[in-house]
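Step one of this worksheet: look at the structure below.
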Amino acid sequence: MRLMQRNWIGRSRGLQFAFSTSGAPEGFDRIEVYTTRPDTLMGASFVAVSPDHPLARHLERHDENVAGFVAECRRIGTSEEALEKAEKKGIDTGIRVRHPFDEAWEMPVYIANFILMDYGTGAIFGCPAHDQRDLDFARKYGLPHPDVFVALDAPEPVEATAFVPPKTEAVRYVRGFAGEEVQTGEAAIDAAIAFCEENSVGHGVTQYRLRDWGISRQRYWGCPIPVVHCPACGVVPENKENLPVELPMDVSFDTPGNPLERHPTWKNCTCPRCGGAATRETDTMDTFVDSSWYFARFTAPRATTPTDRAEADYWMNVDQYIGGIEHAILHLLYSRFFARAMVQTGHLPDSAKEPFDALFTQGMVTHEIYMTRDGRGRPVYHLPEDVEEGKLRTTGEAVTIIPSAKMSKSKKNVVDPVNIIGAFGADTARWFVLSDSPPERDVEWTSAGAEATYRHLSRVWRLADELAQAPEAGSAGEDLALQKAAHRAIAEVTRGIETFTFNKSVAALYALTNALQKSGAGRAARAEALRIMAQLMAPMVPHLAEEVWQMAGGSGLVAAAPWPQADPALLVEDTVTLPIQINGKRRSEISVPRDAGKDEVERIALADDAVIRALAGGAPKKLIVVPGRIVNVVV
RNA sequence: GCCCGAGUGGCGGAACGGUAGACGCAGGGGAUUCAAAAUCCUCCGCCCUAGCGGGUGUGUGAGUUCGAAUCUCACCUCGGGCACCA
């Protein structure tokens, strides 16, 4: 998670410096470049700038060839996929630069299609030996590719494949200029930056990758952006007393597009500055803007200011964030950013700089997608409940089944638990949803088994109902056995809830139900076990739990009763069954007292039939006894 | 291409390096019933065996260990993210 965010932010440390030029137009006597590998400066063979670089823009106006090339780059440049497949191309500007360490060393300046204007300075120096893109480019245009460093074990010069070892790996520098001859890339980079700073060649720079942080969307569903477009004053912010600008309710979605665009009374307004006729911004904010700070707002939902500091101080932080992995680098990152800003503006306490104390990443619920096509061949999606055996319920038309994907309203592959609730009740629906899959995993939705869940809950109710018929007193042994089972359930259900493995909690409750059903315990012991069961299942099946609680003699509401505590003394067994392995394979098992010493376990194990057979009179080569766990005999 | 994550019965899934498959679903057999529903009992990874029992088995291949689903390395498949970032 943190790694994904780190990659997204794209922090890098490098060197920024300038090449001095010759033959360049006025105002371009220096070209600033940025590199994360300043240690490869002696392997430079060309300089390349982005088609959007000021130099390229300048040349575009004076040179037909350049204009043609740049236009071509822009044409391809729109689609990311095209960009990926596009060949590395460039055009020689005729301009030359001098190497910062050697006045006599000249290199050509290209405009190249693979250089991005919005990262670094929009200009690079190419080091073909240690960058595949640069190497492809250099080979295409017949430029040299001198090695800067070689592998320690196989010092071969670079040919078709650039030599790019991890920065943590030590290599031998053959054209180094700072630091040791043999050093890691990391060390060399640090040494190179230090060297360049000392010699006033350049300075170290930490870069962040900038990505699309635009917040506006052309749609109705979102907070209006409180900005007014005035023909006289231009773009004007709405006055504070008019905030918030609220969405109009009387909109229709009959025609495609943003309804705000064609809403006359909302769209037309007066300019907050000059009072003249103006129009509102019809773009709205993406929902991530709201979701990035709603948890802070929730601490004081009726406050007239964004937050109430006393309330925020009291309630923040968020104890537990639960969300899908798709939020990892979007919502979670934006929220952290917002929280930092809100700490600085005084809306949140300092401790909320990181607003979430814990994160649980839940899986997605998936379902098949059912599709037909309309008269014009456009896809039409259908709800699962409208489809039966591959055909539409209404018309009998066959549907195309698209493999399972995350549920989405637009694809209509959503299911509503309302069917289960209608047939079996809310308790069954909740238990069913929690029972099988651990929540961090993706699950294919199926309602198969809902009925079985209902049968199980009925069985629990029946067990409570039959309590009166149980014998007044059971044997002490049976009573104790049931008590132990109940306390084991307390331990397991509690652990399951605390670790979000609700499926394991449910499994433990099944086990307790089975134990109760088979038990010969007396009425008091059964009632106690039932009360514990009611408490343990209350979070999952609150209605049934209250009933069972009452039937078993609980007082008040089970929801108000304190969570039961497992008695450690009841969690241990007096005798344990130990598996016996012979050469690591399970061959037998023995029963020993819980507190049996190693010697005693050994003695019992060596008396076991299977062990005697395996040893055939000889002595074991080795005997491993892990108390309470296992015995392994090596022969 | 790079970076994460996951691969266990027919299915959902359990297993601090210590009896693989808990618990559930589906399925088989039986009891009860005139019959059914409901309920209860029982079996249930695969192969061999009449049975007792044996072999084999956690994506594939190696390794560490007395012992590996679990740890290490390589590979395969699937899912997700990023993707010319100098």
Side-chain angles (χ1 to χ4, degrees), chain A residues 1-8 10-12 14-16 33-38 40 48 50 77 80-81 83-88 112-127 130-134 136-137 207-211 324-326 328-330 361 363-364 366 404-406 431-432 435-438 440-444 446 448-453 455-456 458-459 462 492 501 503-514 517-518 577-589 620-626 628-635:
Chain A
M1 181 68 62
R2 292 205 179 103
L3 193 75
M4 282 167 86
Q5 295 194 353
R6 189 167 301 147
N7 291 343
W8 177 266
R11 179 187 150 121
S12 66
L15 177 76
Q16 185 166 330
V33 298
Y34 173 72
T35 177
T36 54
R37 293 307 299 257
T40 64
S50 163
E80 224 167 60
E81 198 179 340
L83 208 66
E84 182 188 342
K85 289 188 184 127
E87 198 186 347
K88 297 192 183 3
N113 62 352
F114 62 97
I115 310 299
L116 305 174
M117 190 57 220
D118 35 350
Y119 191 79
T121 60
I124 62 142
F125 76 83
C127 176
H130 306 293
D131 184 300
Q132 192 60 44
R133 290 162 310 182
D134 293 350
D136 293 345
F137 190 82
Q207 279 277 355
Y208 297 92
R209 182 166 22 170
L210 278 179
R211 294 196 188 238
I325 186 71
E326 71 272 21
I329 52 175
L330 298 175
T361 308
M364 295 182 294
T366 63
S404 250
K406 178 189 171 183
W431 181 281
F432 174 66
S435 64
D436 272 344
S437 274
E440 74 272 16
R441 210 174 289 198
D442 289 351
V443 284
E444 165 77 15
T446 167
E451 197 182 339
T453 298
R455 282 202 301 267
H456 171 257
S458 305
R459 188 157 64 117
R462 219 178 306 122
E492 284 174 35
T501 46
N503 55 324
K504 288 191 231 167
S505 293
V506 168
L509 284 167
Y510 271 113
L512 180 57
T513 309
N514 290 339
Q517 181 151 18
K518 293 196 167 76
T577 305
L578 286 189
I580 298 199
Q581 292 185 337
I582 291 165
N583 293 335
K585 289 200 187 278
R586 183 188 166 279
R587 280 298 124 102
S588 183
E589 58 184 36
K621 220 185 253 175
K622 199 168 181 182
L623 191 62
I624 291 136
V625 178
V626 183
R629 276 282 168 207
I630 205 164
V631 178
N632 191 8
V633 185
V634 184
V635 299

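All values derive from a computational prediction rather than experimental measurement. In what follows, chains are A, B, ... by sequence order, proteins preceding strands, each numbered from 1.
Note on A:V634: only backbone sugar-phosphate atoms sit closer than 4.0 angstrom, heavy atoms only; bases stay farther off. A:L509 comes within contact range of no nucleotide atom at all, as no heavy-atom separation falls under 4.0 Å. Counting non-hydrogen atoms under 4.0 angstrom, A:Q517 reaches the backbone sugars and phosphates but no base. Within 4.0 Å of A:S12, counting heavy atoms only, lie sugar-phosphate atoms of the nucleic acid but no base atom.
Qualifying salt bridge (Lys or Arg N to Asp or Glu O under 4.0 Å) partners for A:E440, counting only residues two or more places apart in sequence or in other chains: none. In terms of the salt bridge (Lys or Arg N to Asp or Glu O under 4.0 Å) criterion, A:D436 has no residue partners (sequence neighbours excluded).
Looking only at side-chain heavy atoms (C-beta outward), A:T40 and A:F125 come within less than 4.5 Å of each other. Residues A:E451 and A:R455 meet the side-chain proximity criterion, which asks for heavy atoms closer than 4.5 Å. A heavy-atom distance below 4.5 Å is not found between the side chains of A:K621 and A:N583.
Base pairing of B:rU60 is made with B:rA74, judged by Watson-Crick or G-U wobble geometry with both donor-acceptor distances under 3.5 Å. Across all strands shown, B:rC40 forms a Watson-Crick or G-U wobble pair with B:rG30, both key distances being under 3.5 Å. Partner assigned to B:rA69 is none, using Watson-Crick or G-U wobble distances below 3.5 angstrom. Pairing for B:rG1 is with B:rC82, a Watson-Crick or G-U wobble pair whose two hydrogen-bonding atom distances lie under 3.5 Å. Under the Watson-Crick and G-U wobble criteria, each requiring two contacts below 3.5 Å, nucleotide B:rG17 is left unpaired. Across all strands shown, B:rG9 has no partner, as no Watson-Crick or G-U wobble contact with both distances under 3.5 Å is found.
B:rG21 and B:rA36 have their P atoms separated by 36 Å, with the value rounded to a whole Å. Between B:rG81 and B:rC44, the two C1' atoms lie 42 Å apart (nearest whole Å). Across the P atoms, B:rC47 and B:rA37 are found 30 Å apart, a figure rounded to whole Å. When the P atom is compared between B:rA26 and B:rA38, the two are found 11 Å apart, to the nearest whole Å.
For the pair A:I624 CD1 and B:rA68 P, the computed distance is 12 Å after rounding to whole Å. Across the protein-nucleic acid pair, A:E589 atom CD and B:rG53 atom P stand 12 Å apart, rounded to whole Å. For the pair A:N583 CG and B:rC66 C1', the computed distance is 8 Å after rounding to whole Å.
Under 4.0 angstrom from either OP1 or OP2 of B:rG80 there lies no side-chain N or O belonging to A:R441. Taking side-chain N and O atoms only, A:R587 has a distance below 4.0 Å to OP1 or OP2 of B:rG55.
Glycosidic conformation of B:rG13: anti, with the torsion beyond 90° of 0.
Below 30°, between 30° and 60°, or above 60°: for A:Y510 and A:H456 the angle between ring planes is between 30° and 60°, a tilted geometry.
Comparing A:I630 and A:T36 against RNA chain B, the residue whose closest nucleotide sits nearer the 5' end is A:I630. Between A:M117 and A:E451, the residue anchored closer to the 5' end of RNA chain B is A:E451, taking for each the nucleotide with the nearest heavy atom.
Few gaps surround CD on A:E444; more than 12 heavy atoms of other groups in view lie less than 6.0 Å from it.
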Quick one, give me the B/S/- string for nucleotides 21-33 of chain B, reading 5' to 3', where B means a protein heavy atom under 4.0 Å from the base and S means that only happens at the primed atoms, P, OP1 or OP2. -BSSSS-------
Please evaluate residues A:D134 and A:F114 with respect to the criterion side-chain contact (heavy atoms from CB on, under 4.5 Å), reporting the C-alpha separation (whole Å), side-chain torsions for both, the decisive distance (0.1 Å), and the verdict. CA-CA 10 Å; A:D134 293 350; A:F114 62 97; 3.9 Å; yes
